[in-house]
Amino acid sequence: MSLDPPSSALLLRWYRAHRRELPWRAAPGVRADPYRVWLSEIMLQQTTVGAVIPYFRRFIERFPTVAALAQAPEDDVLGLWAGLGYYARARNLIACARVVAGMGGFPETIEALRALPGIGGYTAAAIGAIAFDRPVVPVDGNVERVAARIFAIEASLPKAKPTIAAAAARLGEQAAARRAPSDFAQALFDLGATICTPRNPSCMICPWRDACSAHRRGIAEELPRKEKKAVRPVRFGTVFLLRDSVGMIGLRRRPPKGLLGGMFELPGTDWESAMPETEPPIAATDWRDAGTIRHVFTHFELSLRVMAASVVVLPRGLTAAPVDTPMPTLMRKAVTAGLAALR
DNA sequence: TATCCGTGGCC
DNA sequence: TGGCCAAGGAT
């Protein structure tokens with residue numbers, strides 16, 4: 001940690017030569033649209049660029065401005081978000097858009113950004129740096145990895161987070177002096193995504209190779225070290241697909257908060273450590289076994305049995321919905337399996 | 001501080 | 001196949 005930080009000019013030169021074109025990105029040196037930066041940063045939380053791009057394009061097409069998003073019905077936004085995961089982000093997205101629209105635009109300070117729904121320390125720094133050239137280094141997983149390697153920080157995450165964050169701040173000191181925090185932040189992202197990768201980093205073509213302490217010591221790929229994660233428990237449940245005589249299916253809305261909050265689902269049992277007793281929502285005559293779906297969430301794995309039946313009229317309490325109604329991926333899998341069993 | 005919160009791709 | 005990983009935030 002007493003090492004000198006590498007040259008920001010070196011990284012910025014590399015960035016201008018190798019910069020990736022992304023839908024939310026402005027040309028080097030050009031101020032980006034804060035709305036696009038914000039929307040992309042929310043979508044990119046724990047989500048890969050490849051997964052985000054089509055969602056980002058659909059959102060921009062439907063909601064070109066933060067004012068348009070602020071006026072949208074919540075169901076439209078949740079529906080457009082369906083499949084992207086972490087649905088609290090979509091709820092916070094709406095809340096944030098409404099606050100920002102009321103303010104007449106995005107605030108430009110880190111503190112004011114940090115106070116908005118769904119914006120934490122990282123995202124405030126990212127928007128501040130990228131959209132407003134605030135002299136900060138947003139510390140995401142990429143930047144943590146780069147900083148840990150440059151300074152050969154061997155302490156394990158998450159305990160080492162503060163140490164690595166301090167190291168990342170040192171990386172940005174020169175860039176701040178050069179008035180290029182926006183390009184510098186994005187350069188760090190690109191370096192982490194394409195060169196300084198978690199596995200098999202391309203050290204031989206890295207613009208910072210000569211300054212990298214971990215590379216010099218031959219331990220770049222080992223850093224940052226991480227504590228082992230807890231084992232994922234398995235839960236079991238059953239869902240019921242009911243299709244009526246005109247081809248509509250019976251869905252219900254999940255509670256507004258918590259897992260898959262506010263999204264549509266098939267009716268079913270709770271998800272428990274052992275298969276719960278099943279009580280079909282209607283006395284259909286020919287229930288078909290549509291198989292079992294395995295779905296992995298962050299902190300548990302779900303084994304979900306799917307039962308399907310045709311009925312004349314859907315029971316009360318269920319919403320008659322088209323089969324292509326937007327819903328979380330887990331439920332999309334279950335609907336697909338159920339419909340296949342009814343053929 | 002620890003837990004909860006999705007999904008898909010990669011090796 | 002299974003564990004890891006991805007531009008984290010809220011509580």
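Every chain is numbered from 1, with letters handed out A, B, ... down the list of sequences.
- The phosphate of dC5(C) (OP1 or OP2) has no side-chain N or O of Thr48(A) nearer than 4.0 angstrom.
- In summary, Asp33(A) and Arg25(A) do not engage in a salt bridge, as defined by a charged side-chain N under 4.0 Å from a carboxylate O.
- Between Lys228(A) and Gln186(A), the residue anchored nearer the 5' end of DNA chain C, judged by the nucleotide with its closest heavy atom, is Lys228(A).
- Of the two residues contacting DNA chain B, namely Arg199(A) and Pro158(A), the nearest-nucleotide position lying further toward the 5' end is that of Pro158(A).
- Here the two rings, on His295(A) and Phe297(A), have centers that are under 6.0 Å apart.
- Between Arg235(A) and Glu272(A) no salt bridge is recorded (no basic side-chain N to carboxylate O distance below 4.0 Å).
- Across all strands, Thr47(A) comes closer than 4.0 Å to base atoms (heavy-atom distances).
- Contact annotation: Gln46(A) side-chain N/O to dG8(C) OP1/OP2 distance is under 4.0 Å.
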Salt bridge (charged side-chain N to carboxylate O under 4.0 Å, His left out) evaluation trace for Asp183(A) with Arg16(A): CA-CA 9 Å; Asp183(A) 287 349; Arg16(A) 284 162 192 151; 3.4 Å; yes
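- Nucleotides of DNA chain B lying under 4.0 Å from heavy atoms of chain A occupy a range whose first and last members, 5' to 3', are dC4(B) to dG8(B).
- Ranked by how close their nearest DNA chain C nucleotide is to the 5' end, Ser40(A) and Pro117(A) are led by Ser40(A).
- The P atoms of dT11(C) and dG6(B) are separated by 14 Å, rounded to the nearest whole Å.
- Each of Asn200(A) and Met331(A) has a nearest nucleotide on DNA chain B; the 5'-most of these lies closest to Met331(A).
- Under 3.5 Å, the side chains of Thr47(A) and Arg89(A) contain a donor-acceptor pair of N or O atoms.
- For Arg253(A) and Asp75(A), the salt-bridge test passes: some basic side-chain N is under 4.0 Å from an acidic carboxylate O.
- Per the geometry, OH belonging to Tyr122(A) stands 9 Å off C1' belonging to dG8(C), to the nearest Å.
- Whole-Å rounding puts the Asn92(A) CG to dG8(C) P distance at 16 Å.
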